[in-house]
Amino acid sequence: MTQATLTDADPYADFRAELRQFAEQQCPEELKQFVRSNQKITRNEYRIWQEKLFARGWAAPNWPVSQGGTGWDLQQRYLFEEITAQADCPPQYHHGLGHIGPVILHFGTPEQKARFLPRILDGSEWWCQGYSEPGAGSDLASLKTSAVRDGDHYVINGQKIWTSHAQEADMMYTLVRTSTEGRKQAGISLLLVPMNTPGIEVRPIPTIDHWHHVNEVFLNDVRVPCENLVGEEGGGWKCAKFLLDRERLSPATVPRLARLAEQVEQLLAERRGSGPALPSHHVLQERLYLVQAGVKGAREMLLSAIQEEMQGTLAASKSSALKLFCSELSQQIIGIALDIAGNEYASRLVEGVGATGDVDLQRELVHTYLFYRSRTIAGGTSEVQKNVIARDLFGA
Ligand SMILES: Cc1cc2nc3c(=O)[nH]c(=O)nc-3n(C[C@H](O)[C@H](O)[C@H](O)COP(=O)(O)OP(=O)(O)OC[C@H]3O[C@@H](n4cnc5c(N)ncnc54)[C@H](O)[C@@H]3O)c2cc1C
């Protein structure tokens with residue numbers, strides 16, 4: 001594989017063709033319809049697609065071949081994301097494959113690798129991330145959930161919050177405090193916790209989109225074997241940073257935004273000729289042009305960041321700028337969809353009426369609009385991204 005850019009005569013032509021054929025033939029039509037209609041993807045839809053990818057040997061685009069991954073470079077991973085997004089295949093579930101999987105690959109014991117990695121690959125075991133707490137989000141190192149050693153177990157007490165998919169997960173990777181001595185980062189450890197351990201209570205957090213994403217997770221005298229400690233005791237912050245450094249550049253976001261912008265364009269064209277008159281078609285069209293330009297710009301920036309990442313020269317400010325820009329862009333795109341759908345859809349959804357029944361793209365886009373309010377918070381708020389950019393550029 002050469003290191004040519006994607007805009008050169010295409011060295012990836014065969015690879016693209018293979019991906020397209022796979023996406024066309026192997027992703028079931030009902031699943032594509034589900035994704036196309038913007039419904040909330042749950043464990044079931046992720047699992048169906050993961051099983052197809054696993055059978056093809058493409059379960060883990062970001063893992064080395066020796067561990068069951070594809071060994072693809074970042075450009076190939078981008079093409080995979082772009083082509084599968086265009087074909088309305090679901091995204092892959094990131095908590096296992098993108099987050100804890102690479103951490104176990106790097107820091108895990110041979111037993112941990114043998115126990116956990118195969119089930120991430122085939123999609124049979126699901127993970128959630130127990131990092132944030134009521135008093136520790138942006139300032140994660142302030143976390144207080146404690147783990148105290150008792151023989152060959154840790155006993156965990158505390159509370160996690162905003163834990164996505166905890167209600168569907170088999171396992172949680174969680175940061176806990178094993179010491180209050182020294183720098184607050186130094187007393188943090190990373191534990192792998194089976195969600196069926198006695199003492200764990202998952203409570204849903206209702207959100208305005210009426211979808212169930214996030215939860216509170218209470219841990220009361222939860223006993224976890226010491227063999228579930230990843231890395232050294234007190235080495236959890238290193239694992240957490242490793243995860244953030246590797247995953248700060250996600251090739252998946254931009255292709256999904258591009259597909260969403262296409263859908264919104266199509267919706268605007270359809271609504272032009274039917275239904276109640278749109279308030280200001282030309283204004284919507286102009287906004288659409290601007291977000292389309294934004295998507296194209298984000299794609300170029302992502303591709304150049306990918307090149308730099310492959311050469312080891314990517315600056316933290318660039319990946320934070322991309323995260324910041326794409327979060328805001330996603331809200332702008334879906335804001336156009338909301339204005340096309342109109343007040344009637346929005347108010348019906350907020351009142352909770354119409355949240356069930358037949359699938360209706362405009363209604364699902366309103367769900368997505370409401371969910372996307374969280375885009376500028378989850379995975380690091382926009383203000384925190386601006387801090388990273390300022391520190392990197394100005395040494396602030
Ligand atoms: C939909 C969703 C899913 C999530 N999923 C998970 C998950 O699966 N697992 C998990 O562990 N967490 C998850 N989170 C939590 C997420 O990581 C935190 O919400 C995020 O890090 C912000 O932390 P916080 O909510 O405590 O807000 P805070 O950190 O309290 O921030 C409050 C406000 O102050 C601003 N602020 C804070 N510090 C600074 C600063 N230094 N400079 C300038 N402004 C600042 C923030 O930008 C924000 O506007 C999720 C959140 C959401 C919304």
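Start at 1 and go down the list; that is how both ligands and their atoms are numbered.
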Counting heavy atoms under 4.0 Å, the part of Asn387 that contacts ligand 1 is side chain

(Q) Please report whether ligand 1 has a polar contact with Glu383, defined as an N or O pair separated by less than 3.5 Å (distance criterion only). (A) yes

Quick note, ring-ring contact (aromatic ring centres under 6.0 Å, His included) partners involving residues 100-129, not counting sequence neighbours, are Tyr46-Trp126, Tyr93-Trp126, His106-Phe242, Phe107-Phe242, Phe116-Trp127, Trp126-His165

With Leu191 as partner, the option from Ile156, Val222, Thr145 fulfilling side-chain contact (heavy atoms from CB on, under 4.5 Å) is Ile156

Checking heavy atoms under 4.0 Å, the part of Ile377 that sits near ligand 1 is both

Of Ser164, Ser132, Ala166, Ala378, the one whose closest heavy atom lies nearest atom 8 (O) of ligand 1 is Ser164

**OP:** Take atom 3 (C) of ligand 1 and look for protein heavy atoms under 4.0 Å from it; say yes if you find one, no if not.
**Re:** yes

Discussion item. Does the protein come close to atom 32 (C) of ligand 1 - that is, does one of its heavy atoms sit below 4.0 Å from that atom?
Written reply: no

ring-ring contact (aromatic ring centres under 6.0 Å, His included) filter on Tyr131, not counting sequence neighbours, yields Tyr173

Can you find a protein heavy atom under 4.0 Å from atom 21 (O) of ligand 1?
yes

A student comparing Pro134, Ser138, Gly135 should find that the heavy atom closest to atom 28 (P) of ligand 1 comes from Ser138

Contact region, Val214 to ligand 1, non-hydrogen atoms below 4.0 Å, reads side chain

